[in-house]
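What follows is a set of notes on a single structure, which appears directly below.
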Amino acid sequence: MKIYNFKGGFHPADHKELSAGKKERELPLLPKYTVILRQNVGSAPELCVKKGDIVKKGTLIAKEGAGLSVPLHSPVSGRVGDTVLVPGPNAGMVEAVEILTDREEQVWDTSLPPIPDWRDTPVKILKQRILDGGVTGMGGAAFPTHIKLSPPPEKIVDTLILNGAECEPYLTSDDTLMRNHARAVLVGGAICAKILGITEIYVGIEENKPEAIQSVEQASWGIPGVNITVKALPVKYPQGGEKQLIYALTGRKVIVGALPMDVGCVVINVGSCYAIWDAVLNGHPLVERITTVTGTPVVDPGNYWIPIGAPLSAVLENAGGVKADSRTGKIIFGGPMMGFAQYSLDVPVSKNTSGILLLEESEVAQFTGGPCLSCGRCVEHCPMQLPVSTLSKACKNERYDIALQKHVLACLECGVCSSVCPARRPNVQHFRKAKTELKELSWKEKNKQK
Ligand code: SF4
Ligand code: SF4
């Protein structure tokens with residue numbers, strides 16, 4: 001099978017050795033969890049419990065709202081506390097509900113019965129289970145998975161891609177899942193394939209994860225009804241971007257403004273596949289996730305199973321804290337390229353917290369924003385072939401009309417153009433701001449028309 005090399009991208013140092021291959025660990029039970037209500041794109045779910053209610057692990061605490069929304073479940077058994085404002089992972093204060101642990105043996109809610117015979121189960125029921133299990137993408141915008149698995153009938157999907165590229169430096173949570181839980185990941189993928197009515201599954205994994213590749217290859221033997229092809233991909237950032245991954249594996253190009261389903265593909269992250277397996281086979285909604293806790297300052301970096309709602313402070317404490325001689329310069333949720341800097345230790349882990357990364361002061365990249373040298377490196381390396389320097393100037397000057405014309409909305413926010421810029425210009429920050437402003441403007445425009 002041919003592997004296609006997408007244009008642009010670059011090779012950052014990956015630093016995955018800090019956490020890769022270490023034994024998975026669990027966080028001890030905490031007295032309190034703070035579950036953010038709006039954890040994904042779309043509307044917030046509606047709280048359906050009140051203060052003092054007794055909940056079990058996995059009890060529904062908020063029902064999905066309209067549109068792109070998924071329900072939320074209690075991460076532990078205990079009782080419902082106050083509804084509070086907490087620092088959100090993407091800045092600002094956000095609404096959250098407290099769950100106070102009862103400290104007794106953790107008991108799962110059994111409202112979602114296991115579906116062991118999923119192969120003989122109607123697609124409608126499987127899709128409903130993925131919604132009821134609150135399954136989303138496990139990084140980025142946490143897009144609801146049941147929506148991804150519902151292409152309109154006019155879109156002909158023939159290929160399911162399981163995204164195990166994990167191209168962000170430092171992160172190894174997907175690697176850990178594929179090494180240790182490959183069968184569960186692939187069964188989750190096979191459930192997605194059944195829902196989509198297809199048999200072809202590609203698993204894309206970067207070559208720097210040989211153990212994961214071997215484990216997934218072995219686990220792929222004997223899963224009936226699907227044809228699974230595991231592919232080692234060149235190590236190149238952002239190989240795990242949906243459009244780049246689709247091109248690498250199929251040679252199909254998703255043009256600006258189009259979606260993967262427009263070229264017959266659906267891409268699901270391996271973490272979501274694991275969550276689907278757990279929701280369908282075990283009846284467990286998504287209430288905890290594996291997260292890489294890493295960086296030079298961390299005493300005991302590794303991959304930790306963390307209940308959703310655990311505060312950053314407790315996670316760091318359980319990873320041994322910070323080295324005595326460390327001068328931590330930055331804490332990031334996610335990886336160094338696309339993650340978000342955190343300014344409070346109270347921020348809770350969400351469904352999309354793929355990593356918690358600490359950087360030493362000396363490791364923090366400074367984007368001082370010197371004058372553009374017109375060197376063209378940003379354009380050469382942009383995986384979306386955007387006119388980066390022109391766009392950057394337009395966005396900096398708040399000329400969002402020009403930015404829109406030059407396709408700023410197609411920007412992946414991958415950070416490559418900032419990383420390769422010799423003038424250390426904060427290009428990606430300009431694009432993030434411009435995209436937020438443009439979305440806001442379009443939302444206001446739509447509301448005006450109503
Ligand atoms: S952040 Fe956007 S403009 Fe910059 S390299 Fe990535 S896709 Fe291109
Ligand atoms: S890489 Fe930096 S200096 Fe070079 S053209 Fe792009 S923005 Fe200008």
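Index from 1, following the sequence. Indexing begins at 1, ligand by ligand and atom by atom, following the structure's order.
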Has Ser418 got a side-chain atom pairing as donor or acceptor with Pro426's backbone, closer than 3.5 angstrom? no
Could you list which atoms of ligand 2 come closer than 4.0 Å to a heavy atom of [X]?
X: Cys421; answer: 1 (S), 2 (Fe), 3 (S), 7 (S)
X: Arg425; answer: 7 (S)
X: Cys378; answer: 1 (S), 5 (S), 6 (Fe), 7 (S)
X: Pro422; answer: 1 (S)
X: Ser374; answer: 5 (S), 8 (Fe)

Do Asp262 and Lys155 sit within salt-bridge range, that is, some charged N less than 4.0 Å from a carboxylate O? yes
Any carboxylate oxygen within less than 4.0 angstrom of a Lys/Arg side-chain nitrogen, looking at Asp174 and Lys209? no
For the residue pair Lys243 and Phe6, would you count it as a cation-pi contact if the rule is NZ or CZ under 6.0 angstrom from the ring centre and within 45 degrees of the ring axis? no
Residue pairs meeting salt bridge (Lys or Arg N to Asp or Glu O under 4.0 Å), one or both in residues 360-384, sequence neighbours left out, come to Arg327-Glu361
So Tyr4 and Tyr247, would you call those rings parallel, tilted or perpendicular, with 30° and 60° as cut-offs? tilted
Taking the six-membered ring where the residue is Trp, are the ring centres of Phe333 and Phe340 under 6.0 Å apart? no
The criterion is side-chain hydrogen bond (donor to acceptor under 3.5 Å, both in side chains); which residues satisfy it with Glu46, sequence neighbours excluded? none
So which heavy atom in the protein is nearest [atom], and how far is it from that ligand atom?
atom: atom 3 (S) of ligand 2; answer: Leu373 N, 3.2 Å
atom: atom 8 (Fe) of ligand 2; answer: Cys372 SG, 2.3 Å
atom: atom 4 (Fe) of ligand 2; answer: Cys375 SG, 2.3 Å

Answer with yes or no whether Gly376 contacts ligand 2, where contact means a heavy atom under 4.0 Å from a ligand atom. yes
Compile the donor-acceptor pairs under 3.5 Å between side chains in residues 192-205 and protein atoms, sequence neighbours left out, one pair per line.
from	atom 1	to	atom 2	distance (Å)
Lys194	NZ	Arg119	O	2.9
Lys194	NZ	Thr121	O	3.4
Glu200	OE1	Asn227	ND2	3.3
Glu200	OE2	Asn227	ND2	2.8

Please report the number of protein N, O or S atoms that lie less than 2.8 Å from atom 6 (Fe) of ligand 1. 1
Verdict with supporting geometry, Val298 and Val322, side chain to side chain contact (heavy atoms under 4.5 Å, CB included): CA-CA 5 Å; Val298 179; Val322 169; 5.9 Å; no
